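Taking it in order: structure first as structure tokens, then the write-up.
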Amino acid sequence: MKVEDLLESIEECTINSFVNKKRQKEPVDKMLDKLDELLELSTHIYLDLNFPEEQEEHCVVSFNDIRKASEMTSSILLKLVSCEIMFNDEQDDERIERASRLLAHMSGRGAAGSITRTWHIPFLNSDGEKKEMRLQLHEPCYIGNDIGFKTWGAAPLLAKKLLQENLIPHLPECKVLELGAGTGMVGLVCDQLGATSVHMTDYHPRVLENVAYNIRLNHSQATTSKLDFIEIAHSDDEQEQYDIVIASDLLYEIEHAQYLPVAVDKLTKNEFYFMIPLRDTHWKEVECFQEKMRLFDFTLVDMQDIQVEEELEGLIYYRYYYYKRQSS
């Protein structure tokens, strides 16, 4: 179903939810189903690929589409959550839970509760044919201030570059280590692209539990373990080295910027791929990271700034880095 048709159906259900001032159960339930379908089909704007119009078959749901759906349905969803709309049947509790989750998701992904969604990453194969990689990612609710439970902008952007630009053509010959795996998107893409092995790490045990779940969900051969790159930077122990270290969204504090290059130097044999958001509040961290990387035996092969429109924050810039050891 096209996005326009889906939004039209949602609007029709919303209008029909009240007939002659009486609540109508069937259109309310259908509205919830259609909203779930819209969110399931949603493809992050980070992953869009511009194809000729006649080839465009994939249903891409934009942030603007989500806003339209929210404007049409928020009143009824709020009435469901507040129990103002009830049908006194065994589905009432389920309707309240679904309405709460949908409201949170359409208010911004950071506010959303637990959700499993399918990410569609379009690409062109070697023959120029349009293909698509699909990843199922479970994103649990927040716990405290931990942000690794959501798939943030830098990870989809890096996943997109890996697939659409054939970023690492020699990937099938490489052992890959991912730092700060989050929901595991980047590592899962590396695995599907045929890396010799992929090991995904994070410092938070609950994040790792979810990464392991997403590995099973996608029938991946990747492995996981706890790794704190700051501890690695301070450690005198010899570390296992990987052909490639890859990471995204890891510069939230000056300590991260100081010790990430030290850990990368210990963990990679050859290459480091990295994607971060460029925020006005974190330029000090960015500059510190770049300066520290210059102190090690790495050459900055490529650096790109990418502009993306985000849900609530408007235009955000991201920076992509590719470092390679001078001796490799």
Side-chain angles (χ1 to χ4, degrees), residues 39-44 46-47 105 109 112-123 131-143 146-164 166-168 170-229 231-232 239-250 263-264 267-268 271-275:
L39 297 185
E40 172 64 21
L41 285 172
S42 66
T43 296
H44 230 282
Y46 307 115
L47 305 181
H105 192 96
R109 292 179 47 258
S114 176
I115 187 172
T116 300
R117 60 200 299 255
T118 302
W119 292 71
H120 305 259
I121 311 179
F123 66 98
K131 298 293 182 181
E132 179 182 87
M133 180 185 288
R134 296 189 180 190
L135 295 174
Q136 291 188 72
L137 294 180
H138 180 67
E139 300 183 351
C141 302
Y142 278 139
I143 296 179
D146 297 307
I147 60 176
F149 294 101
K150 299 295 177 183
T151 308
W152 298 102
L157 278 176
L158 189 50
K160 170 185 174 179
K161 288 183 74 67
L162 282 165
L163 186 58
Q164 295 178 356
N166 191 23
L167 194 64
I168 313 176
H170 54 289
L171 191 61
E173 304 163 14
C174 298
K175 292 172 59 179
V176 178
L177 173 71
E178 183 179 12
L179 299 176
T183 59
M185 171 179 271
V186 173
L188 288 168
V189 169
C190 288
D191 180 66
Q192 288 207 25
L193 288 174
T196 301
S197 66
V198 177
H199 189 62
M200 295 192 274
T201 66
D202 203 284
Y203 81 98
H204 197 296
R206 290 291 301 278
V207 171
L208 284 174
E209 288 176 14
N210 187 60
V211 171
Y213 178 79
N214 285 333
I215 287 172
R216 295 193 297 273
L217 201 60
N218 291 276
H219 308 289
S220 170
Q221 299 300 310
T223 57
T224 66
S225 71
K226 182 179 182 297
L227 186 151
D228 185 332
F229 67 81
E231 291 181 1
I232 294 292
Q239 304 296 325
E240 179 180 358
Q241 287 195 316
Y242 294 78
D243 301 305
I244 290 171
V245 170
I246 197 164
S248 57
D249 269 332
L250 292 184
V264 168
L267 292 167
T268 187
E271 299 171 85
F272 178 47
Y273 297 84
F274 193 33
M275 181 81 75

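As the structure is a computational prediction, the values presented were derived from the model and not from experiment. Worth knowing before you read on, the calculation uses all heavy atoms, side chains too, and leaves out hydrogens, waters and symmetry mates.
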* Asked: For Ser225 and His199, which heavy atoms make the closest approach, and how far apart are they?
  -> OG-NE2, 2.6 Å

* **All side chain to side chain contact (heavy atoms under 4.5 Å, CB included) counterparts of Asp243, not counting sequence neighbours** => Cys174, Lys175, Lys269, Asn270

* Structure fact -> When every non-hydrogen atom of Lys160 is compared with those of Ile121, the smallest separation belongs to CA-CG2, 4.4 Å

* Asked: Listed by chain and number, what are the side chain to side chain contact (heavy atoms under 4.5 Å, CB included) partners of Ala222, not counting sequence neighbours?
  -> Val198, Met200, Ile215, Ser220

* **Residue pairs involving residues 208-222 (criterion salt bridge (Lys or Arg N to Asp or Glu O under 4.0 Å); sequence neighbours excluded)** => Arg206-Glu209

* Asked: Quick one: does Leu162's side chain get under 4.5 Å of Ile246's, heavy atoms only?
  -> yes

* Closest contact, heavy atoms only, Arg134 versus Thr118 -> CB-CG2, 4.2 Å

* Asked: How long is the span from the OG1 atom in Thr183 to the CG atom in Leu137, to the nearest 0.5 Å?
  -> 4.5 Å

* Structure fact -> Taking every heavy atom of Glu178 against every heavy atom of Thr201, the minimum-distance pair comes out as O-OG1, 2.7 Å

* Flag the pair Glu271 / His170 as yes when at least one side-chain heavy-atom distance between them is below 4.5 Å, and no otherwise. => yes

* **Phe123 side, atom CZ; Lys131 side, atom NZ - distance, nearest 0.5 Å** => 7.5 Å

* Asked: Residues in side-chain hydrogen bond (donor to acceptor under 3.5 Å, both in side chains) with Thr196, at least two apart?
  -> none

* Taking the side chain as every heavy atom from C-beta outward, state whether Gln192 and Leu135 have any atom pair closer than 4.5 Å. => yes

* Structure fact -> The reported gap from CG in Asp191 to NE2 in His219 (rounded to nearest 0.5 angstrom) is 12.0 Å

* Asked: Going from CD1 on Ile168 to OH on Tyr273, what distance comes out if it is rounded to the nearest 0.5 angstrom?
  -> 4.0 Å

* If we only count heavy atoms from C-beta on, is the Leu158 to Val189 side-chain gap below 4.5 Å? -> no

* **Closest contact, heavy atoms only, Gly182 versus Val207** => O-CG1, 3.3 Å

* Could you list the residues that satisfy side chain to side chain contact (heavy atoms under 4.5 Å, CB included) with Leu208, not counting sequence neighbours? => Asp202, Thr224, Lys226

* CG-CD distance between Leu163 and Glu132, expressed to the nearest 0.5 angstrom -> 10.0 Å

* Can you measure from CG (Leu157) to OG (Ser248) and round to the nearest 0.5 angstrom? => 9.5 Å

* Asked: Is there a side-chain contact between Thr268 and Leu177, using heavy atoms and a 4.5 Å cut-off?
  -> no

* All side chain to side chain contact (heavy atoms under 4.5 Å, CB included) counterparts of Ala247, not counting sequence neighbours -> Leu179, Leu250, Phe272, Phe274

* Is the Tyr213 ring parallel, tilted or perpendicular to the His138 ring (thresholds 30°, 60°)? -> perpendicular

* Heavy atoms, side chains only, cut-off 4.5 Å: are Met275 and Lys161 in contact? -> yes

* Heavy atoms from other residues, nucleotides or ligands near CD of Gln221 exceed 12 (cutoff 6.0 Å) -> no

